[in-house]
Amino acid sequence: MNSPTEDLKLVDRSAERTCCSRYANNGQIGEEFLTIRVSSCVSFDAAAETLGDASGRACKKAQDRANTLVGK
């Protein structure tokens, strides 16, 4: 059985995470109207990428997924 400290070695402590949520709708009217909210998180290395760049990646990923789900 692994000790807790052995398990922690598997975690990259230099990586950070940021998340973003985006909405999309299908443009329909009435009962056909559908709005989707999608959240996406990405890991990034603060030494190699800024928080703004990582947030941009997370938001683009969330928006792309939301658009796909509503058929855009």
Worksheet entry | Asn25 side chain near Leu34 side chain, heavy-atom distance below 4.5 Å | no
Discussion item. Less than 4.5 Å apart, side chain to side chain, heavy atoms only: is that true for Leu51 and Phe44?
Written reply: yes
For residues [X] and [Y], report the shortest heavy-atom separation together with the two atoms involved.
X	Y	answer
Ser40	Lys61	OG-CD, 3.1 Å
Arg22	Cys59	NH2-SG, 3.4 Å
Phe33	Gln28	CD1-O, 3.1 Å
Asn67	Ala24	OD1-CB, 3.4 Å
Ser39	Ala62	C-CB, 4.4 Å
Ser43	Arg57	O-NH2, 3.1 Å

Worksheet item: Quick one: CD1 on Ile36 to NZ on Lys72, what's the gap to the nearest 0.5 Å?
Response: 11.5 Å
Worksheet item: How about Cys19 and Cys41: are their SG atoms under 2.5 Å apart?
Response: yes
Discussion item. Under a 3.5 Å distance rule, please check whether Asn26 uses its side chain to pair with a backbone N or O of Glu32 as donor and acceptor.
Written reply: yes
